[in-house]
Structures are given as structure tokens and as C-alpha cells.
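Take a look at the structure below.
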Amino acid sequence: MSDLRIRHAALSDVDTVLQFWRVAAEGTSISDDHDGVTRLITRDPEALLLAERDEILTGTVIAGFDGWRCSAYRLAVHPDHRRQGIATALLEAAEQRFAALGGRRVDAMVLEANEQAHHTWAARGYRREDHWRRWVKTLTD
């Protein structure tokens, strides 16, 4: 993994990240557009972590911290690069960020149907909490 580089996304990466998510991410988010990713990077320039090998984007994770809770979103690894430790490296980088910010616990958004991801998260020590449910409301039309 010594050739894997993890870095923070820049505004110049927005289109590349959106294209990457179309191939590598499971499901979509209402914020999976240019404005959404731009807002994320502008508000918290260290939240979107990118994994690159030979300057090619191979993985992402959003490591958001609002001062109260650490949240992990959009952990995605390109299908051609899975099972090479990229997700593990991204989660380690996210956890280091959270620890440096004083975070105490990470909440991860993981699709129920994405069983392959369940194994990835469990291998890093995450566990499912069945007594919580996510409630959402869309604010835009």
C-alpha cells in the first residue's frame, strides 16, 4: 500500500469525484451534484478524503465532524481496486482526523443492501445499531 496516497479533495476534484461515485458508490444522495460537493469542500476542506494510486482516484470517504458527532459517508472504492486495503486506509485516515478533532464515536451511513460493505465496516470494528433509525426530510423540490 506504500504507493497509495490519501489527500483532501480540492474544488478542482469535484467533477472527478462525481464521476467516480457513479461507478464506485452504492446508491445516490441528494447532494451528489456539483453544488453539493462544492459546498462540502468549501465548508470543511479536510472532510472529503481521496485515495489515489498513480494519480488515479481509487477511493473516497467523507469524514465529517460538526463538533458533536463524527460521521462517515460515501466510503467507496473503485470496483477494479477493491480488496487491496484502500477502504481500510481511508477509514484509518478518517479515524485519525476524528481523533485529532476530539471525536468520541463515529456514525457511519451504510446501505442495508450493501452486504459487501458490512464486512468492510465490521473488519474495522464498527457494529450495527438496530435500535436507531435514520429519519430524513428533503428540503428542496
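Start at 1 with the first residue, then count along the sequence. This one's a predicted model, so the numbers in the text were calculated from it and none came from an experiment. Below, each value reflects all heavy atoms present in this structure, side chains not excepted, and no hydrogens, waters or symmetry copies.
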**OP:** Would you please name every residue forming a side chain to side chain contact (heavy atoms under 4.5 Å, CB included) with Ser12, sequence neighbours left out?
**Re:** Ala10

**OP:** Please list all pairs passing the salt bridge (charged side-chain N to carboxylate O under 4.0 Å, His left out) test where one or both residues lie in residues 83-95, with sequence neighbours left out.
**Re:** Glu95-Arg124

**OP:** Examine Leu57 and Leu4 and state if one hydrophobic cluster contains both, with Ile, Leu, Val, Met, Phe, Trp and Tyr joined whenever side-chain heavy atoms are less than 4.5 Å apart.
**Re:** no

**OP:** Give a yes or no on whether Ile62 and Val77 share a hydrophobic cluster (residues Ile, Leu, Val, Met, Phe, Trp, Tyr; joining criterion: side-chain heavy atoms under 4.5 Å apart).
**Re:** no

Original post:
Would you call Val23 and Pro79 a side-chain contact if the rule is heavy atoms closer than 4.5 Å?
Top reply: yes

**OP:** Quick one: list whatever passes side-chain hydrogen bond (donor to acceptor under 3.5 Å, both in side chains) with Thr58, sequence neighbours left out.
**Re:** none

Original post:
Counting distance only, does the side-chain N/O of Asp13 pair as donor-acceptor with the main-chain N or O of Thr16 below 3.5 Å?
Top reply: no

Subject >> CA sep, side-chain torsions, deciding dist, call: Leu90, Leu75, side chain to side chain contact (heavy atoms under 4.5 Å, CB included) >> reply: CA-CA 8 Å; Leu90 283 163; Leu75 176 63; 4.1 Å; yes

Original post:
Under the 4.5 Å side-chain heavy-atom rule for ILVMFWY, direct or indirect, which residues accompany Ile56?
Top reply: none

Original post:
If you link I, L, V, M, F, W and Y whenever their side-chain heavy atoms are under 4.5 Å apart, who else ends up in the same group as Ile30?
Top reply: none

Subject >> salt bridge (Lys or Arg N to Asp or Glu O under 4.0 Å) against Glu129, all qualifying residues, sequence neighbours excluded >> reply: Arg105, Arg127

**OP:** Could you pull out the closest heavy-atom pair between Cys70 and Gly103, with the gap in Å?
**Re:** SG-CA, 3.4 Å

Subject >> Pairs involving residues 3-31, ordered by first then second residue, that meet ring-ring contact (aromatic ring centres under 6.0 Å, His included) (sequence neighbours left out) >> reply: none

**OP:** Would you please name every residue forming a side-chain hydrogen bond (donor to acceptor under 3.5 Å, both in side chains) with Arg39, sequence neighbours left out?
**Re:** none

Original post:
How far does CD of Glu52 sit from CD1 of Ile6, to the nearest 0.5 angstrom?
Top reply: 9.5 Å

**OP:** Quick one: which residue pairs count as a ring-ring contact (aromatic ring centres under 6.0 Å, His included) with a foot in residues 28-56, not counting sequence neighbours?
**Re:** none

Original post:
Does any pair with a residue in residues 54-82 pass salt bridge (charged side-chain N to carboxylate O under 4.0 Å, His left out), and if so which ones, sequence neighbours excluded?
Top reply: Asp32-Arg74, Arg69-Asp107

Original post:
Is any side-chain heavy atom of Val17 closer than 4.5 Å to a side-chain heavy atom of Leu50?
Top reply: yes

Subject >> ILVMFWY network linking Leu91 to Leu48, side-chain heavy atoms under 4.5 angstrom >> reply: no

Original post:
Do Leu40 and Leu11 share a hydrophobic cluster (ILVMFWY, side-chain heavy atoms under 4.5 Å, transitive)?
Top reply: yes

Original post:
If you look only at pairs with a residue in residues 49-92, which of them pass as a ring-ring contact (aromatic ring centres under 6.0 Å, His included), with sequence neighbours excluded?
Top reply: His78-His81

Subject >> Nearest-0.5 Å distance, OG1 of residue Thr38 to CZ of residue Arg43 >> reply: 15.0 Å

Subject >> Among Ile41, Asp33, Asp35, the one residue meeting side-chain contact (heavy atoms from CB on, under 4.5 Å) with Val14 >> reply: Ile41

Original post:
Can you name the side-chain hydrogen bond (donor to acceptor under 3.5 Å, both in side chains) partners of Glu46, sequence neighbours left out?
Top reply: none

